[in-house]
Undergrad: 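Dropping the structure in here first, questions after.
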Amino acid sequence: MVILGYSVQTTWYILPYALSALFTLFVARQSWQKRPAKGAACLSLMLLGSSIWTLGDILLILFPFYELNILNHVILFSGVFAAVLGWFFFTATYTDHHFLLQKRQIWLSFLVPALILGLILSSNYHHLFFAQVHLENSHGLHLLKSEYGVFHDFVWLPFAYFAMFYGIIRLIYSAIRSNTFYQRQNLILIAGVTIPLLLDLATTTFKISFVTNLFISEIAPLSFGVTGVLYFWALYKRKLLDIAPLAHKVVFNTINTAIISLDQKQRIVELNPSAEKLLGSNNVQALGQSFTSIIEPLVKDERLSNLSGEIGKLSFSLGELHYELQNNVIRSSKGSYQGSVVLIYDVSDQLLIQRSLKTQLDETQRLENQLRDLSFKDPLTGVYNRRYLFEAGEQLFKQCRSDHEGLCAIMFDLDHFKHINDSYGHGVGDQVLKEMARRISKSIRATDILARYGGEEFVLLVPSIDSGLAAKIATRIHQLISSKDYVLATQTLTVTASVGVALSNAESQSLSQLLDLADHASYKAKQTGRNRVCYQALGMTSV
């Protein structure tokens, strides 16, 4: 086969190399699709470089011509540079080694590959990178073999191996400090790059004969297929790039909570920027200082003098800001005190929310009380209504019966109230009812229940009472209503009332029975001339 005037040297040997290149390229594309996940673009660059590296080896086999040697090696080493630098930047990104990701360091890392590429392009004029190139037969094929010069052995190889071993060491260090999940990710990454690296060392650096004699070209590019399989499995089975560890230092430096680490003597050994801002002291000034001496101007609490014990939580305020200090004791496996980690939280927003919630709850409670009052109180007079009388009165009746005490029911209504409404209007009648309710409400106990029974009729329940005291209270109620005129806005009226009294005893069955007795006594007061008090109960004398 002839391409561009060159006879192509075909052999089945290139098939595994081609498969390795294609699969590595496929995995590079899968990695690129996961950007902007941490390190995805760099891992894609490394895999793309591995694919180009393999392509360069294929071209050296297909076109073993001196005039194409430089072009083939430019393609090959472009892949090598991309693979090495991609790995270097990926591991720096993945393990959060931000120093190497600054612009200056990134540009410096490209200097050696740029120099080597220039030496390859100008290799016809010197022997710095390629010492010599010769044609030889291997496995029945014609191959161009390159002997490398001083720049390859003393500049490029140290640079490349440093970048590769740097990444491996960073991943090992990260794995040691990580949990099992991330350890497995790191081990897969290490395995994927270690296999080609060891094979490359065996063939190019140490030139182990039994390895070099097995293959017509470099074995490292062939092993990139294994790398691609491992990384493809890691991407879809081990959540590589989907779930990546977050550096503890990043968390430490960016979290809003003030974090202060103390040694056994309660001296500051580390603090984050939030702590520096709160304490008003930078890292250099604070390190080695006694934590108590620095925090004392802000928090005055005697418990801070002994942070080796459990002090719980301390609250303090700085102006309008509110903080909470929490001490976390660090002890050895034997229980001895090793130091402390002090956390200081800004709880201003939480307190504001709590106060707002308390205000809302108080307002809700107030409204509930208002609604309860509205449901249990008469809107005109402000005393309890008939509903409340029966609900609370029934409980009061049972309590008095259980305690073997009497419960007095005093029922009263105004005499000739219809005449007041007809003669002076309902507005005046309402004012009379309100004034009467006010007078009686001022003279009763907190345990008594005054309720509007209906229209101008009211009931007063008085617990813990005997017949003699019941008579006195009924007489006083009658006098409060009738002995003093009602001075209203437009009228002065004299009002009387008919009062009926009933007192419960051991034979009383219910509140309703007691109220019926009081109602009967009130009716009797009306029938016998009004403006009087009548009594009706078992064992009581009717007057």
Side-chain angles (χ1 to χ4, degrees), residues 36 243-262 266 268 270-283 285-286 289-330 339-385 387-388 391-392 395 438 441 446-447 449-451:
I243 304 175
L246 188 61
H248 295 286
K249 198 67 178 179
V250 174
V251 176
F252 185 79
N253 287 333
T254 58
I255 193 170
N256 289 329
T257 300
I259 306 175
I260 306 155
S261 300
L262 309 178
Q266 298 179 16
I268 297 174
E270 191 175 18
L271 70 166
N272 68 347
S274 295
E276 293 180 13
K277 182 178 179 181
L278 177 64
L279 300 178
S281 177
N282 63 39
N283 210 304
Q285 295 171 330
Q289 298 296 315
S290 167
F291 174 69
T292 305
S293 65
I294 291 182
I295 197 68
E296 191 173 21
L298 305 178
V299 187
K300 299 185 183 301
D301 194 301
E302 59 183 12
R303 288 178 290 176
L304 288 173
S305 61
N306 183 23
L307 292 175
S308 60
E310 301 295 337
I311 67 170
K313 295 180 179 180
L314 304 178
S315 299
F316 64 97
S317 299
L318 296 175
E320 297 181 354
L321 298 178
H322 305 278
Y323 297 91
E324 188 172 86
L325 183 149
Q326 178 180 330
N327 179 53
N328 301 277
V329 174
I330 301 173
S340 298
V341 176
V342 177
L343 306 177
I344 303 178
Y345 305 92
D346 184 345
V347 295
S348 304
D349 291 340
Q350 291 91 318
L351 288 179
L352 188 63
I353 292 172
Q354 290 176 4
R355 290 170 182 171
S356 176
L357 287 174
K358 185 179 184 304
T359 301
Q360 293 177 22
L361 289 173
D362 291 344
E363 180 64 16
T364 301
Q365 186 64 48
R366 186 185 68 81
L367 292 174
E368 287 179 354
N369 292 337
Q370 283 185 350
L371 290 173
R372 183 177 181 277
D373 289 344
L374 289 173
S375 65
F376 286 141
K377 288 192 174 181
D378 174 53
L380 176 64
T381 62
V383 300
Y384 290 113
N385 58 21
R387 175 187 172 188
Y388 184 83
E391 288 188 11
Q395 296 297 322
R438 186 190 67 80
S441 296
T447 55
I449 297 176
L450 175 63

Undergrad: Whether the side chain of D378 engages the backbone of V383 through a donor-acceptor N/O pair (distance < 3.5 Å, no angle test) should be reported.
TA: no
Undergrad: To the nearest 0.5 Å, tell me how far Q266 CD sits from S293 OG.
TA: 11.0 Å
Undergrad: CD1/I344 to CG/L314 distance, rounded to the nearest 0.5 angstrom?
TA: 9.5 Å
Undergrad: Can you check whether T257's main-chain N or O pairs, donor with acceptor, with N272's side chain at less than 3.5 Å?
TA: yes
Undergrad: Pair E391, F376 - check side chain to side chain contact (heavy atoms under 4.5 Å, CB included), show working.
TA: CA-CA 10 Å; E391 288 188 11; F376 286 141; 3.5 Å; yes
Undergrad: How long is the gap from CG on N328 to OG on S340, to the nearest 0.5 Å?
TA: 8.0 Å
Undergrad: Nearest 0.5 Å, what's the CG-OG distance between L321 and S348?
TA: 4.5 Å
Undergrad: Where do A275 and A258 come nearest, in terms of heavy atoms and distance?
TA: CA-CB, 3.6 Å
Undergrad: What heavy-atom pair brings V347 and E324 nearest, and what distance separates the two atoms?
TA: CG1-CB, 4.0 Å
Undergrad: Roughly how far apart are L271 CG and I294 CD1, rounded to 0.5 Å?
TA: 8.0 Å
Undergrad: Rounded to the nearest 0.5 Å, what separation is found between the CD1 atom of I295 and the CD1 atom of I260?
TA: 6.0 Å
Undergrad: With a sphere of 6.0 Å drawn around CG of D349, does it hold more than 12 non-hydrogen atoms of other residues, nucleotides or ligands?
TA: no
Undergrad: Might you work through the side chain to side chain contact (heavy atoms under 4.5 Å, CB included) test for L278 and D346, ending with a clear yes or no?
TA: CA-CA 10 Å; L278 177 64; D346 184 345; over 6 Å; no
Undergrad: Flag the pair D362 and K358 as a salt bridge only when some basic side-chain nitrogen lies within less than 4.0 angstrom of an acidic carboxylate oxygen.
TA: yes
Undergrad: Kindly determine whether I268 and L262 satisfy side chain to side chain contact (heavy atoms under 4.5 Å, CB included), including the steps that lead there.
TA: CA-CA 5 Å; I268 297 174; L262 309 178; 3.8 Å; yes
Undergrad: State which residue, out of Q360, Q365, R366, fulfils the side chain to side chain donor-acceptor pair (under 3.5 Å) condition with E363.
TA: R366
Undergrad: Between Y323 and F316, is the ring centre distance below 6.0 Å?
TA: yes
Undergrad: Under the 3.5 angstrom rule, does the side chain of S356 hit a backbone N or O of L352 as a donor-acceptor pair?
TA: no
Undergrad: Under the criterion side chain to side chain donor-acceptor pair (under 3.5 Å), I'd like the reasoning laid out for S317 against H322: C-alpha separation, chi angles, the key distance, then a yes or no.
TA: CA-CA 4 Å; S317 299; H322 305 278; 2.7 Å; yes
Undergrad: Of all the heavy-atom pairs spanning L450 and S441, show the shortest one and how long it is.
TA: CD2-OG, 3.5 Å
